[in-house]
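Heads up, the thing below is written out as structure tokens.
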Amino acid sequence: MAAFASLGLSEWLVDQCKQMGITRPTPVQDNCMPAILEGRDCMGCAKTGSGKTAAFVLPVLQKLSEDPYGIFCLVLTPTRELAYQIAEQFRALGKPLGLRDCIIVGGMDMVTQGLELSKKPHVVVATPGRLADHIRSSDTFDMKRLRFLILDEADRLLEQGCTDFTKDLEIILSIVPAKRQTLLFSATLTDTLQELKSIAMNKPFFWEQKSEVRTVEELDQRYILTPEKVKDAYLVNLIQKFQDEHDDWSIMVFTNTCKNCQILTMMLREFKFPTIALHSMMKQKQRFANLAKFKSNIFKILIATDVAARGLDIPTVQVVINHNTPGLPKNYIHRVGRTARAGRNGVSITLVTQYDIHLISAIEEQIQAKLKEYPVQEKEVLKILTQVNVTRRQCEIKLEATDFDEKKEINKRKQMILEGKDPDLEEKRKNELAKIKREKTKFKGRIQEAIQKKKGKLLKKKSDV
Ligand SMILES: Nc1ncnc2c1ncn2[C@@H]1O[C@H](COP(=O)(O)OP(=O)(O)OP(=O)(O)O)[C@@H](O)[C@H]1O
């Protein structure tokens, strides 16, 4: 593998890398950086924790140092926490340049952000929704001379998940110049390749890390088959075990909803585990504060929704526990990728109920590897089962006494209004769809019943003959 200097990076940048402990390029850096430095559009697909961020930060800094002006580079990313992390990398590596950056994310003060944008920072790191809001509401900045447009976690930005970025992206793309370099990175690009190619217009250089298995070798991937009602007891048992055996390890637990995230956090705290939460129903300042406390090891356990599944780089995370099996293999890849980063070891444990077995099959097919069963002492788990379930119920009651659900409903309606939808109409539509789905399921059930009856009759006839 070549050294950074031979890839075309200036001495000051190579020195800056050294200071951060980055001495040899990773494969994604080795392959993508020369193409970017040549001026080509680039799509890079490499495993989690393989150094994709530096693969775009370094060439941008190199080009910026040759002709510094603002706004030179725009990085879009799906989550607010990730925006801060990327900006930090720019700041650290670009320190000798006196780099000026600006972070534009939701949940923070619009006026301050507007002012910062008007000062022409070299690099803007943004989540699409808030940047689109600024474009709609202000004429104090422009991106006419933008040289680099970067989509980090590019596939997520294009997919129509629970947060749909496509309209915001359209607005942003309408103000950036057609003549620019576009760089797209993710650990899971392949599903959205065609749409991505249309954003990177100039025959992009495409590099994908060739590997049979789509997760990193250093990751030990395990599962525990459990009835739904015993899941929490397994969680408590696992956390107790890791805390007892490795008190310097940090653990990330992923769950499916904000409410569950809140309840699990309350429950683990009742058991005196140093636990903290991260989900989208928390105030942004609280989200940042909680992540900072987890990163600095004040709290060793972070319970999060998929808002923390992508990109976060926390070297002390040794264990990822999936409290629910992710519905999409892609989400599994990103969640478990929060550990075993940059060549370190890590373990992931997915709690699987009998209803999730098909999801595990889909995950195994996608990652091209089999999950191994995690050995547990069932007796120990059963010993704490009642206590855990009672504690959970108490936490549920406590949460119900707050206005958590109400807040959720208000947030949902606010979001719909922002998206130009009528919340009442949407509710009606949702109810109608649910009704159709229920009827379909009933109909399917009746057909299955009829088939079973017919089969039974045929078997009976055969056995009579
Ligand atoms: N050449 C290198 N040598 C050693 N460490 C590196 C190198 N490049 C980057 N790193 C470190 O590796 C870690 C992971 O990098 P990064 O966060 O960019 O991963 P990623 O590929 O973007 O992962 P994800 O897909 O999860 O977002 C970071 O802590 C980073 O500082």
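In each ligand, atom 1 is the first atom listed, and ligand 1 is the first ligand listed. None of the values given here were measured: they were computed from a predicted structure. Numbering of residues begins at 1 and proceeds along the displayed sequence.
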In a simple table, one pair per line, please give the protein and ligand 1 atom names for every N or O pair closer than 3.5 Å, along with the distance.
unit_1   : atom_1 : unit_2 : atom_2 : d
ligand 1 : 1 (N)  : R24    : O      : 2.7
ligand 1 : 1 (N)  : Q29    : OE1    : 3.0
ligand 1 : 8 (N)  : Q29    : NE2    : 2.8
ligand 1 : 17 (O) : R341   : NH2    : 3.0
ligand 1 : 18 (O) : K52    : N      : 3.4
ligand 1 : 18 (O) : T53    : N      : 3.0
ligand 1 : 18 (O) : T53    : OG1    : 2.7
ligand 1 : 19 (O) : G51    : N      : 3.3
ligand 1 : 19 (O) : R341   : NH2    : 3.3
ligand 1 : 21 (O) : S50    : N      : 3.0
ligand 1 : 21 (O) : G51    : N      : 3.2
ligand 1 : 21 (O) : K52    : N      : 3.0
ligand 1 : 21 (O) : K52    : NZ     : 2.8
ligand 1 : 22 (O) : T53    : OG1    : 3.4
ligand 1 : 23 (O) : G49    : N      : 2.8
ligand 1 : 23 (O) : R341   : NH2    : 3.1
ligand 1 : 25 (O) : K52    : NZ     : 2.7
ligand 1 : 26 (O) : R338   : NH1    : 3.1
ligand 1 : 26 (O) : R338   : NH2    : 2.9
ligand 1 : 26 (O) : R341   : NH1    : 2.8
ligand 1 : 26 (O) : R341   : NH2    : 3.3
ligand 1 : 27 (O) : E153   : OE2    : 3.3
ligand 1 : 29 (O) : D313   : OD2    : 2.5

### Task
Decide, yes or no, whether a salt bridge links R136 with D133 under the criterion of side-chain N to carboxylate O below 4.0 Å.
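D133 and R136: salt-bridged.
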### Message
Any carboxylate oxygen within less than 4.0 angstrom of a Lys/Arg side-chain nitrogen, looking at D67 and R147?
### Response
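No.
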#### Entry: Distance-minimising heavy-atom pair for R341 and G49
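Nearest heavy atoms, R341 then G49: NH1-N, 3.4 Å.
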### Query
Could you walk me through whether E228 and K231 pass the salt bridge (charged side-chain N to carboxylate O under 4.0 Å, His left out) check?
CA-CA 5 Å; E228 183 70 39; K231 248 186 184 183; 3.7 Å; yes
### Task
With sequence neighbours excluded, tell me which residues meet ring-ring contact (aromatic ring centres under 6.0 Å, His included) with F185.
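Here the qualifying residues are F56.
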### Query
Are a donor atom and an acceptor atom from the side chains of D15 and Q19 found within less than 3.5 Å of each other?
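Short answer, no.
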